[in-house]
Amino acid sequence: MEEKVLQHRKNGMLVLLLVLAAYIVAVAGLALGIMANSLLLMIVCIVWLALGWILLPGLKVLKPQEALVLTLFGKYIGTLKGAGFYWVNPFCTAVNPAAATKLNQSGDVDSHGKGEGMTLNLNGQVTTTMPNKKVSLKLMTLNNARQKINDCLGNPVEIGIAVTWRVVDTAAAVFNVDNYKEYLSLQCDAALRNIVRIYPYDVAPNVDTTGDGHADEGSLRGSSEVVAERIRAEIQSKVQQAGLEIVEARITYLAYAPEIAAVMLQRQQASAIIDARKMIVDGAVGMVELALERLKDGGMVELDEERKAAMVSNLLVVLCGNHDAQPVVNSGSLY
């Protein structure tokens, strides 16, 4: 379905003035026909007064970044775009299957369900409002619910994304899919699941996230920009036929699932402790080597292998211990 924009239809004000002027003339003509006893004039005026309002439903008002998809007896005749006061065939019908769909996104005031809007007035009476058939061309942000997905290592993670999108082809959005809002939401969920399962939550060895056959350091936590761009491209490839453009996708929430969060936290803490201990040992060994070299070069004291071993042991205990060393004065000899 190819979009066809209706041009040169901003004549709503002229048609409205002509209809009002014709009603005034009809009222005056009816009065004149009664006075002149002219049956034909009275019939013409009465017919216009009874049927002239039929032209008024053809008046359409559009605000900036709004569009109206019109059909005439089931046939698509075109789309009105741009702010203005239009007049079209009064028998045209506006079509927007997603008008009553309310998602958790900008532009949808009521996010509690679908269908006609229900409001409660001050008297306690429930009133029903018909959905707006206009198609919004503004940038909108869809914030889908968080999903629990297994990463490439099988660890369940919870992730949420925010997708910025807009309608670029109104005919495709209305006629190519049943409901473009629900279609977009479904494709966002599917794309998110397809991409997340490629990456580990954190950097892991021997994992290929790019598909080139070589292990890399890609991860959900460390490569969020790359992951978000791949999600955006995946969604765009699916919604192109629906006339939608995905401007941006961003990860808004990322965490391990509650059932393994505590275990993974302990694992991260253990890894951090091991790395810290390794750094402390490397530094202590370097300091011991430096101390032995300085003592040897300065000729301050001659140490045999047994004394060197004792000195190394004492220094490593002092440098690698978690608590302050308690000095012990040795008044004797090692032999």
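In this text, all values refer to a predicted model and were calculated from it rather than measured experimentally.
- In this structure the side chain of Thr93 never reaches within 4.5 angstrom of the side chain of Leu72, judged on heavy atoms.
- Under the 4.5 Å side-chain heavy-atom criterion for ILVMFWY residues, no single connected hydrophobic cluster contains both Val285 and Ile274.
- Asn150 and Asn155 share no side-chain donor-acceptor pair at under 3.5 Å.
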| message | Set out, in order, the CA-CA distance, both residues' side-chain angles and the distance that settles side-chain contact (heavy atoms from CB on, under 4.5 Å) for Val167 and Ser136, then state yes or no. | response | CA-CA 7 Å; Val167 177; Ser136 176; over 6 Å; no

| said: Apply side-chain contact (heavy atoms from CB on, under 4.5 Å) to residues Val247 and Trp165 and explain how you reach the verdict. | reply: CA-CA 5 Å; Val247 179; Trp165 65 283; 5.9 Å; no

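- Taking the six-membered ring for Trp, Tyr23 and Trp48 have ring centres closer than 6.0 Å.
- Remark: the backbone N or O of Lys81 is paired with a side-chain donor or acceptor of Tyr86 at under 3.5 angstrom.
- Separating the OG1 atom in Thr252 from the CD1 atom in Ile159 is a distance of 8.0 Å, to the nearest 0.5 Å.
- Taking CZ of Arg9 as the start and NZ of Lys60 as the end, the distance is 12.5 Å to the nearest 0.5 Å.
- In this structure, Glu229 places its CD atom where more than 12 heavy-atom neighbours from other residues, nucleotides or ligands lie under 6.0 Å away.
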| said: As a quick check of understanding, evaluate side chain to side chain donor-acceptor pair (under 3.5 Å) for Thr79 and Thr170, giving each step before the final call. | reply: CA-CA 7 Å; Thr79 301; Thr170 57; 3.1 Å; yes

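- Note: Tyr253 OH to Ile161 CD1 = 15.5 Å, rounded to the nearest 0.5 Å.
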| For Arg230 and Glu225, what are the C-alpha separation, side-chain angles and deciding distance, and is it a salt bridge (charged side-chain N to carboxylate O under 4.0 Å, His left out)? | CA-CA 9 Å; Arg230 292 187 67 174; Glu225 295 290 335; over 6 Å; no

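- Within 6.0 Å of the CG atom in Asp178, the count of heavy atoms belonging to other residues, nucleotides or ligands does not exceed 12.
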| Does the pair Cys188 and Leu142 meet the rule for a side-chain contact (heavy atoms from CB on, under 4.5 Å), with working shown? | CA-CA 9 Å; Cys188 288; Leu142 173 63; 3.9 Å; yes

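- Between the side chain of Gln187 and the backbone N or O of Leu184 there is no donor-acceptor pair closer than 3.5 Å.
- Rounding to the nearest 0.5 Å gives a distance of 10.0 Å between CD1 of Ile246 and OG of Ser237.
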| request: Walk me through it: do Tyr199 and Arg221 pass the test side chain to side chain donor-acceptor pair (under 3.5 Å)? | output: CA-CA 9 Å; Tyr199 289 84; Arg221 190 172 66 89; over 6 Å; no

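- Counting heavy atoms from C-beta outward, Val207 and Leu153 have side chains that approach closer than 4.5 Å.
- Side chains of Phe85 and Val15 form no contact here, defined as non-hydrogen atoms less than 4.5 Å apart.
- Taking a cutoff of 4.0 Å between a charged side-chain nitrogen and a carboxylate oxygen, Arg250 and Glu248 qualify as a salt bridge.
- Taken to the nearest 0.5 Å, the CG atom of Asp151 stands 12.0 Å off from the CD1 atom of Ile198.
- Residues Leu80 and Val88 have side chains in contact (heavy-atom distance under 4.5 Å, counting atoms from C-beta outward).
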| Evaluation steps, side chain to side chain donor-acceptor pair (under 3.5 Å), between Tyr183 and Gln241 | CA-CA 11 Å; Tyr183 182 78; Gln241 60 182 347; 2.8 Å; yes

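- Between Gln236 and Glu245, the closest side-chain pair of non-hydrogen atoms falls below 4.5 Å.
- Residue Leu41 holds its CG atom at 9.5 Å from CD1 of Ile46, rounded to the nearest 0.5 Å.
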| said: Quick one, Val69 with Asn96, criterion side-chain contact (heavy atoms from CB on, under 4.5 Å). Give me CA distance, side-chain angles, the key distance, then yes/no. | reply: CA-CA 7 Å; Val69 180; Asn96 184 7; over 6 Å; no

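- If you chain together hydrophobic residues whose side chains sit under 4.5 Å apart, Leu55 and Val61 fall into the same group.
- Side-chain atoms of Ile149 and Pro156, non-hydrogen and from C-beta on, never get closer than 4.5 Å to each other.
- With hydrophobic clusters built from ILVMFWY side chains whose heavy atoms lie under 4.5 angstrom apart, Met42 does not share a cluster with Met35.
- Side chain of Ser223 to main chain of Val226: no donor-acceptor pair is present (N/O by atom type, distance under 3.5 Å, no hydrogens or angles).
- The pair Glu259-Lys148 meets the salt-bridge criterion, with a side-chain N (NZ, NE, NH1 or NH2) lying under 4.0 Å from an Asp/Glu carboxylate O.
- For Lys134, the NZ atom is densely surrounded, since the number of other residues' heavy atoms within 6.0 Å is greater than 12.
- Two residues are said to be in side-chain contact when any heavy atoms from C-beta on lie closer than 4.5 Å; Val135 and Leu68 fail this criterion.
- Using a distance-only test at 3.5 Å, with no hydrogens or angles considered, a donor-acceptor pair links the side chain of Lys10 to the main chain of Ala83.
- Looking only at side-chain heavy atoms (C-beta outward), Asp208 and His214 stay at 4.5 Å or farther from each other.
- In this structure, Asp169 contributes its side chain and Ala242 its backbone to no donor-acceptor pair below 3.5 Å.
- Counting heavy-atom neighbours within 6.0 Å of Asp212 CG, excluding the residue itself, gives a total above 12.
- Side-chain heavy atoms closer than 4.5 Å link hydrophobic residues (I, L, V, M, F, W, Y) into clusters, and following such links, even through other members, never connects Val95 to Leu62.
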| request: Evaluate side chain to side chain donor-acceptor pair (under 3.5 Å) for Asn143 paired with Thr141, printing each intermediate quantity in order. | output: CA-CA 6 Å; Asn143 188 13; Thr141 301; over 6 Å; no

